[in-house]
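Side-chain atoms are counted along with the backbone in the values below, which use heavy atoms only and exclude waters and symmetry mates. Indexing begins at 1, ligand by ligand and atom by atom, following the structure's order.
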Amino acid sequence: MKMNTEGNFDMKETILTPKQQEAVDFDGKEMLIKGIAGSGKTLVLLKKAHKILTTCPDEQVYLFTYVGTLAAYTRELAATIGSQRLHVDTFHAWAFRMLRRAGVRTSIVQNEEQVEMLRKSMSEVFRSTRHRLVAEEKYFGFLAEEIQWMKGKSLLSREGYLAAARVGRGTKVFVDGKAREVMYAVFERYQEKLQRAGKIDYDDLSNLLDASFAKWSPYAKLDNVLIDEAQDLQEVQLKLLRKCANKRIVIAADQGQKIYNTSFSWRGIGINITGGRTKVLQNSFRSTQQIISLAYSLQKHDPLYKEKDEEYVYPVIPERQGPVPMLIQLTGHEEEEMFVVKAVQELHRLNPNWTIGILCRKKASLARFHRQLPLLGVPTEYVEKDKGSVTQPGAKLLSLHSAKGLEFDAVYVFRMREKTVPLYDQLEDLDDEVLATERRLLYVAMTRAKTALTLTYSGKRSRFIEEMDDTLYEYKGVGV
Ligand SMILES: Nc1ncnc2c1ncn2[C@@H]1O[C@H](COP(=O)(O)OP(=O)(O)OP(=O)(O)O)[C@@H](O)[C@H]1O
């Protein structure tokens, strides 16, 4: 983002391209902005918000994101707009407040408790069915995702679920009528357990809100709904926001960065994106030619690209030059950590104003950086939910999921080994859809880098490295 002399983001200093400006000026009630990583979707949304706020003095503008880190960053950027009528929030935080408005008193189930409830539901259903899906631990993740998918599509009744086409749910796990009955039984048991505990999970929020719409919607007064990273919202969530937007709805999305288990069509949500209502942004303003070229060589393996999906946006390779991305192989975990510690220390010494993202599939693997880098004089913090600032110089520690929508001068993608990227424990035969999502996570991580990108690994390297064009990175083995 363009910073002014005080180091704050200043929208006025960024001159939009004609295409970006066209999106800001478009006055329709519905609009979709499709664009590649770094093409200015967030910036256009902020400029659009600014324009609405100045031209419509009685209207509110709500800008929604899916992840908390992006909401916090966008809030920081939006501060320069300085309007009380601009609200930046995650969908979940807003939804939870609205549920309170409707008089529903409940709490969100904690992670371990939720896992326990689902495990118990599986073993109860196993006792009566002996079905393989509930017999083997390896299907736990698959069942959890199925329930999430059902809720995201509001398929809550037995009849509705059994009749629904399972679009976007992959094909590796064989699912026939019997399997569906079993999965619905697990869903029912799980819902009973939640209810008995007086709790809900995140995916229940939107369905509960939808059911109590009349009670809370008079207070919502959203007027203008702007949604960033909309590809990661569930169908039911988007439908709900559509219903609340009484003036305008502007959606920014990039299916090439879809990293959650969602499937929807714009028409299904009730949004007309035909004609001039879709704006396409193909140029990255964030990353160098070298970074986008490498990331694109990976993205060419995404089914969206291969199947020429109409939602896919082809990138224009940028002209801005920078260093060739590095791929570093180390001999073990410890060596890999020490290498990144030293490299980040040196990079910080040379560029004290840079933000340096250290991104890893599992947040737990970043602990050493949090301990050691500050001792070496590098300001270091975790960035998660609304904690940490990605605009202040220093090292930033993030999971790949939390990095979504953010940007750093330099990025280290750490622990690029099989079983970590892609992440899998038991299900050796990874489902295509899961694999595509894991690949996109890596694509998102790589495209967070503005100038320098380094990938490190030890052990068996990630299959995604094999997919990249090896003429676009420089390989170095340290001690191997
Ligand atoms: N016209 C422009 N001129 C200069 N810089 C720009 C322009 N448009 C966008 N940028 C800058 O490019 C970077 C990426 O913009 P932004 O974060 O809005 O992209 P995005 O499409 O939301 O990215 P992603 O989908 O990867 O999160 C930001 O630093 C932004 O300020």
Exercise for review: Would you indicate which of Thr17, Thr14, Leu77 comes nearest to atom 3 (N) of ligand 1 when only heavy atoms are counted?
Suggested key: Thr14
Ligand 1 contact on [X] by region, counting heavy-atom pairs under 4.0 Å:
{"X": "Lys404", "value": "neither"}
{"X": "Gln257", "value": "side chain"}
{"X": "Asp228", "value": "neither"}

Check your understanding: Can Lys308 be said to sit on top of Tyr312's aromatic six-ring, NZ or CZ under 6.0 Å from centre and within 45° of the ring axis?
Key -> no
Practice item. Could you tell me whether Lys279 sits above the aromatic face of Phe26, with NZ or CZ closer than 6.0 angstrom to the six-membered ring centre and within 45 degrees of the axis? Key: yes
Could you tell me which atoms of ligand 1, counted from 1 in the order shown, lie closer than 4.0 angstrom to a heavy atom of [X]?
{"X": "Ser39", "value": "19 (O), 20 (P), 21 (O)"}
{"X": "Glu229", "value": "25 (O), 27 (O)"}
{"X": "Leu16", "value": "1 (N)"}
{"X": "Glu407", "value": "13 (C), 14 (C), 28 (C), 29 (O)"}
{"X": "Gly40", "value": "9 (C), 15 (O), 16 (P), 18 (O), 19 (O), 20 (P), 21 (O)"}
{"X": "Ile36", "value": "21 (O)"}

Contact between [X] and ligand 1, counting heavy atoms under 4.0 Å?
{"X": "Arg448", "result": "yes"}
{"X": "Leu281", "result": "no"}
{"X": "Gly35", "result": "no"}

Counting only heavy atoms from other residues, nucleotides and ligands, does the tally under 6.0 Å from [atom1] of [X] exceed 12?
{"X": "Glu466", "atom1": "CD", "result": "yes"}
{"X": "Lys243", "atom1": "NZ", "result": "yes"}
{"X": "Lys300", "atom1": "NZ", "result": "yes"}

Review point. Which is it for Lys404 and Asp232 under the salt bridge (charged side-chain N to carboxylate O under 4.0 Å, His left out) test, yes or no, and what are the steps along the way?
Key: CA-CA 11 Å; Lys404 185 171 197 48; Asp232 286 325; 2.9 Å; yes
Exercise for review: Answer yes or no: is there an ion pair linking Glu59 with Arg85, defined by an N-O contact shorter than 4.0 Å?
Suggested key: no
Check your understanding: Of Phe91, Tyr260, Trp94, Tyr202, which meets ring-ring contact (aromatic ring centres under 6.0 Å, His included) against Tyr66?
Key -> Tyr260
Check your understanding: Got a donor-acceptor contact below 3.5 angstrom from the Arg448 side chain to the Ala445 backbone?
Key -> no
Check your understanding: Is the backbone of Asp25 close enough, under 3.5 Å, to the side chain of Lys47 for a donor and an acceptor to pair up by distance?
Key -> no
Review point. Can you find an N/O atom of Leu406 closer than 3.5 Å to an N/O atom of ligand 1?
Key: no
Check your understanding: Does an N or O anywhere in Ala37 fall below 3.5 Å from an N or O of ligand 1?
Key -> no
